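Let me begin by presenting the structure, written as structure tokens, before commenting on it.
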Amino acid sequence: QVQLVESGGGLVQPGGSLRLSCASSRSIVRFDRMGWYRQAPGKQRELVVTITKGGFVNTADPVKGRFTVSRDNAENTMYLQMNSLKPEDTAVYYCNAYETFGPVERPQSRDYWGQGTQVTVSS
């Protein structure tokens with residue numbers, strides 16, 4: 001089973017920065033897409049940013065210009081650099097990986113999720 005291990009969450013003041021890491025137990029080059037999602041209490045899980053195998057990045061409007069996703073294939077790790085943090089960024093942040101496999105004529109798919117890490121931006 002693929003494991004995604006997150007780190008870097010914590011408490012930060014408004015305007016501060018954090019860098020989240022998500023380390024995969026195996027090579028990340030086989031993932032078709034990776035990304036970060038977040039969920040605040042009482043709210044639906046929402047997209048933060050995704051990056052495809054080919055490097056295309058899709059960033060949610062509330063974090064555009066402030067959050068940046070990157071990958072280090074040698075370290076099998078995806079990062080989320082979060083700058084200019086706001087109280088509304090407070091949430092549990094989850095890393096995600098998606099892959100397709102099997103015959104190309106009939107591929108199957110699989111999603112992997114990290115355990116989540118709490119990010120709290122104080123008022």
Side-chain angles (χ1 to χ4, degrees):
Q1 175 72 12
V2 171
Q3 301 285 340
L4 302 176
V5 180
E6 302 175 350
S7 61
L11 176 65
V12 64
Q13 67 272 26
S17 298
L18 285 174
R19 188 178 75 159
L20 305 184
S21 301
C22 183
S24 172
S25 61
R26 69 147 165 89
S27 174
I28 67 173
V29 301
R30 287 181 287 169
F31 295 136
D32 295 284
R33 184 178 64 248
M34 299 186 73
W36 292 92
Y37 295 76
R38 67 186 183 185
Q39 187 169 23
K43 295 185 177 181
Q44 299 276 359
R45 183 176 58 194
E46 66 177 10
L47 168 73
V48 178
V49 63
T50 59
I51 181 168
T52 70
K53 180 183 294 184
F56 180 81
V57 176
N58 181 35
T59 308
D61 287 339
V63 305
K64 283 182 179 177
R66 300 187 297 119
F67 291 10
T68 303
V69 66
S70 62
R71 295 175 298 187
D72 188 331
N73 291 341
E75 296 290 335
N76 294 325
T77 301
M78 176 181 64
Y79 302 96
L80 182 66
Q81 179 66 47
M82 304 185 295
N83 298 324
S84 302
L85 282 161
K86 305 174 180 179
E88 50 262 47
D89 296 318
T90 296
V92 178
Y93 284 71
Y94 299 91
C95 57
N96 168 259
Y98 172 87
E99 67 175 350
T100 58
F101 58 94
V104 296
E105 297 84 6
R106 181 61 176 88
Q108 301 180 78
S109 63
R110 184 176 294 136
D111 267 303
Y112 304 100
W113 292 93
Q115 78 285 354
T117 185
Q118 178 71 47
V119 172
T120 302
V121 185
S122 64
S123 60

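The basis for the numbers below is simple: all heavy atoms, side chains too, and nothing from hydrogens, waters or symmetry mates. One is the number of the first residue; the rest follow in order along the sequence. In this text the structure is predicted, and so the values were computed from the model without any measurement.
Residues D32 and R110 are not in side-chain contact: their nearest non-hydrogen atoms beyond the backbone lie 4.5 Å or more apart. Contact of the L80 side chain with the T68 side chain is not registered, since no non-hydrogen atoms from C-beta on lie closer than 4.5 Å. Between P14 and P87, some side-chain heavy-atom pair lies under the 4.5 Å cut-off. With contacts defined as side-chain heavy-atom distances shorter than 4.5 Å, the pair R71/N76 does not qualify. Side chains of S7 and T117 form no contact here, defined as non-hydrogen atoms less than 4.5 Å apart. Taking 4.5 Å as the limit, some side-chain heavy atom of S24 sits within range of a side-chain heavy atom of V2.
Of the N and O atoms on the side chains of T77 and D72, not one donor lies less than 3.5 Å from an acceptor on the other residue. With no hydrogens or angles considered, a side-chain donor-acceptor pair links E99 and Y112 at under 3.5 Å.
Side-chain N or O atoms of R30 include none that pairs as donor or acceptor with a backbone N or O of R26 at under 3.5 Å. Using a distance-only test at 3.5 Å, with no hydrogens or angles considered, a donor-acceptor pair links the side chain of S25 to the main chain of Q3.
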query = Given the rule in the side chain to side chain contact (heavy atoms under 4.5 Å, CB included) test, do R45 and R38 qualify, once you have shown the distances and angles that lead to the verdict?
reply = CA-CA 6 Å; R45 183 176 58 194; R38 67 186 183 185; over 6 Å; no
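N96 contributes atom CG, which lies 9.0 Å from atom CZ of F31 (distance to the nearest 0.5 angstrom). In this structure, CZ in F67 is found 5.5 Å from CE in M82, a value given to the nearest 0.5 Å. Here CZ of R33 is found 9.0 Å from OG of S109. Values are rounded to the nearest 0.5 Å.
Residues in residues 83-123 take part in these disulfide bond (SG atoms under 2.5 Å apart) pairs, two or more places apart or across chains: C22-C95.
When the ring-ring contact (aromatic ring centres under 6.0 Å, His included) test is applied to Y37, the partners found at least two apart in sequence or on another chain are W113. Scored by the side chain to side chain donor-acceptor pair (under 3.5 Å) test, Q81 finds N83 as partners (sequence neighbours excluded).
A single hydrophobic cluster is seen to contain both L47 and V92, as judged by linkage of ILVMFWY side chains at heavy-atom distances under 4.5 Å, directly or through other members. Hydrophobic clustering (side-chain heavy atoms under 4.5 Å, transitive across Ile, Leu, Val, Met, Phe, Trp, Tyr) keeps Y94 apart from Y79. I51 is connected to V49 through a chain of hydrophobic side-chain contacts under 4.5 Å among Ile, Leu, Val, Met, Phe, Trp and Tyr, so both are in one cluster. Grouping the Ile, Leu, Val, Met, Phe, Trp and Tyr side chains by contacts below 4.5 angstrom, directly or via other members, places V48 apart from V5. Cluster annotation: L18 is connected to Y93 through the hydrophobic network of ILVMFWY side chains, with a link wherever side-chain heavy atoms come within less than 4.5 Å.
Shortest non-hydrogen contact noted between A91 and A40 is CB-N, 3.9 Å. The two residues S17 and S84 make their nearest non-hydrogen contact at OG-N, 4.3 Å. Nearest heavy-atom pair, E105 versus P107, reported as atom, atom and distance to 0.1 Å: C-CD, 3.8 Å. Minimum interatomic distance between L4 and Q115 (heavy atoms only, all atoms of both residues): O-OE1, 3.3 Å.
Looking at D61 and K64, a side-chain N of the basic residue comes within less than 4.0 Å of a carboxylate O on the acidic one, giving a salt bridge.
A side chain to side chain contact (heavy atoms under 4.5 Å, CB included) with I28 is found for one member of E75, M78, M34 and no other, namely M34.
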